[in-house]
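Below: the structure, in structure tokens.
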Number of protein chains: 2
Amino acid sequence: MRKKEKITIHDIALEVGVTASTVSRALNNHPRISATTKKMVLDAAKAINYKPNRIAAALRHGKSKLIGIIVPTINRNFFSSIVRGIEEHANALDYKVMISQSYDDYKKEVATIEALLDARVDGIMVSLGKNTHNFNHFESVLQKGIPLVFFDRTTDKLNVNQVIINDYLSAYQATNHLIEQGYRHIAHFTSHMKIRIYQERLRGYEQALLDNGINFDPRLVVESNMQLDGGQKSTHRLLDNNLGFDAIFSASDYAIVGALQELKRINVKIPQEVGLVGFSNEPFTAFTEPTLSTVDQKAIDMGQSAAALFFEMVNADQRNKPKVKKVLDANLIIRASSKRLQ
Amino acid sequence: MRKKEKITIHDIALEVGVTASTVSRALNNHPRISATTKKMVLDAAKAINYKPNRIAAALRHGKSKLIGIIVPTINRNFFSSIVRGIEEHANALDYKVMISQSYDDYKKEVATIEALLDARVDGIMVSLGKNTHNFNHFESVLQKGIPLVFFDRTTDKLNVNQVIINDYLSAYQATNHLIEQGYRHIAHFTSHMKIRIYQERLRGYEQALLDNGINFDPRLVVESNMQLDGGQKSTHRLLDNNLGFDAIFSASDYAIVGALQELKRINVKIPQEVGLVGFSNEPFTAFTEPTLSTVDQKAIDMGQSAAALFFEMVNADQRNKPKVKKVLDANLIIRASSKRLQ
DNA sequence: TATATTAGCGCAATCGATTGCATTTGCTGG
DNA sequence: CCAGCAAATGCAATCGATTGCGCTAATATA
């Protein structure tokens, strides 16, 4: 049980009777090293339990094999699943992942970018915070030529690779589904209009109404923080203004639960009197009474796509490569809260 | 918009007219460097936008300023909050955090330990996976003298620092609360008996019964995977065996939701006919109908404590320091599902 | 047989920051 | 005025792996 005598390639070199250069090349399967030597080196390495020092290697060729991820909060099934997708892809290629949370705080997001740059990550994947309306902190990433990929919460103000779902289409389908179920006065819960996903979901909602000959009533669109309490308040706003809605399509699952609670409190029957559809397929949407219809965003797919984009950037000639916007299709999950036919 | 001409301390040295040694010392606020020189160096560093290369520094003094965290899954409010607590403490001390998920897979846990060791982290914090009953993979961590802290899902088979909540007491209080509310035939949902937290929660449950003169009936203790479906199945087992229970204390929030659903399906009134208490205070416990009583584990506190323990280890003389077991108190949150008095 | 190749490996510099030891400069006291 | 000491800085090695270039010996070609 002796201490930690660091084992380096020099120890292997001594053991085998060659130099460290040869050991290094052997370990990296360099073509100019004979098979015999390679085997000896590999055997010796195993024998003395050699572990490469990634830090030294990183210093030498400037690659840390680290990918930084920034999400608003990992405490969402959606985001943690994306991370899982990224991890799967990255680990398979011997990259490690560093996860950071911005907590939707602009300053923290800026600081986190700095921190990742300090840590010399080889690439950064970001889902923007809600309060990020300025993108200067990404300029330095771009200028350094570090691969940058945005996912889900992205912006068009920056020319970067991104992976998103078809928010427009998903919202369209969700709204359309409500219309098919006979609802006609459909409200929409949304958030900051500066954020792309909310813009798109609103657009899909409007178009579905239009295509079905239903008048768009701006008073039925309510903006909130998209949390539980936001959903409650938005519901009250609708009720207080006596707008006579018979359904809600919410851009967030949390907000739709708030609505569900408030409506049940005043004995509104779901889905008979009011239909509900959320967004994100958070696990709890399957736990409520009634269960909630929602949109599944294929988070793991999104993570894998984002990682794939990153590795394309790593391997490709960065220079004049045009940026890609990968759009994934989401899945409308129909549960009890919006099914009143049959 | 030119490329990335790496800026090093040598550039500063050139600018200021000293050597790199002096620059390094100035940046690190070494006492042997004059205030004048320090100021010049700092100014020059800012002027040419110098960013220290942590990798080079890491190579030199063998510290990466990285902490590795392993949790079964980040996709639990409890774990992500712990991570948040660790992050807060660590970032304040200029340490970065690497999060990895074991997905309760023993092999993945072993591989992750290897990966973190490869990445030369300065310390590792772990919450064990459900299927980890062998701890050899931690021996190498210990032998290398790398600080190791366990939290929540720990084991006593390893002599390491740990942070846990008082599972025994929390379970005792939860059970006692149910008894106070007049329930007498209290079932308990649990999981693998090899896991400390479940042992302790069972123990607390038993003791509360004992102290209140209620007979312990082993048939009322049901083991499952502690997921939603596990809770459903466990409930059915109780019902099918006609055991006449009037309350359930579950060691998991997911399982108690499963019970809630199944009981509501057959029109059992909660809390009038059956009282329910879960464990973990997952967000959705506030969303169900009725809302669920549960135990809040003060996850952020736990994370901060774990980080604090880590930094103690970093600063202290590791050698003969006895290992610490920090026990935090949890909070019973009483909601509608267990409140039938008044 | 003499020269041209090529395979196989070693030498030494390098990545950027750190640090023990040496050196220079400046000041104090005798 | 000079030894003596402290303050401030420089020199050069070091952390471990990588890699361009060069060297040697063996094989191939003429």
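- A donor atom on one side chain and an acceptor atom on the other are not found under 3.5 Å apart for N131(B) and D104(B).
- First and last contacting nucleotides of DNA chain C toward chain A (any atom under 4.0 angstrom from a heavy atom, 5' to 3' order): dA7(C) to dG16(C).
- For residues 32-41 of chain B, the pairs satisfying side chain to side chain donor-acceptor pair (under 3.5 Å) are N29(B)-K38(B), S34(B)-T37(B), K39(B)-D43(B), with sequence neighbours left out.
- When atom types are taken as modelled, the side chain of T154(B) and the backbone of F151(B) share no donor-acceptor pair closer than 3.5 angstrom.
- When the options V18(A), V23(A), T19(A) are evaluated for a side chain to side chain contact (heavy atoms under 4.5 Å, CB included) with S21(A), the one that passes is T19(A).
- Comparing H61(B) and K38(B) by the nucleotide of DNA chain D whose heavy atom lies nearest to each, the residue mapping closer to the 5' end is K38(B).
- Of the possible polar contacts, none joining the S81(B) side chain to the A299(B) backbone as a donor-acceptor pair under 3.5 Å is found.
- The pair K6(A)-D11(A) does not count as a salt bridge, with every side-chain nitrogen at least 4.0 angstrom from each carboxylate oxygen.
- Environment of NZ in K326(A): crowded, with over 12 heavy atoms of neighbouring residues, nucleotides or ligands closer than 6.0 Å.
- Within the cation-pi definition used here (under 6.0 Å to the ring centroid, within 45° of the axis), R84(B) qualifies as a partner of Y103(A).
- Looking at heavy atoms from C-beta onward, R153(A) lies in side-chain contact with F79(A) at the 4.5 angstrom threshold.
- The stretch residues 19-29 of chain B touches DNA chain D through T19(B), S21(B), T22(B), R25(B), each having a heavy atom within less than 4.0 Å of the strand.
- Side chain of D122(A) to backbone of K65(A): a donor-acceptor contact under 3.5 angstrom is found.
- Nearest-nucleotide positions on DNA chain C place R60(A) closer to the 5' end than the other of R60(A) and I9(B).
- With sequence neighbours excluded, no residue satisfies salt bridge (charged side-chain N to carboxylate O under 4.0 Å, His left out) with R25(A).
- Of the residues in residues 39-55 of chain B, none has a non-hydrogen atom less than 4.0 angstrom from any atom of DNA chain D.
- The closest donor-acceptor contact from the side chain of T132(A) to the backbone of L128(A) lies at 3.5 Å or more, if one exists at all.
- Between the axis at the start and the axis at the end of the helix from dT1(C)-dA30(D) to dG30(C)-dC1(D) there is an angle of 50°, using five pairs per end and rounding to 10 degrees.
- H89(A) contributes no side-chain N or O that, together with a main-chain N or O of G85(A), makes up a donor-acceptor pair within less than 3.5 Å.
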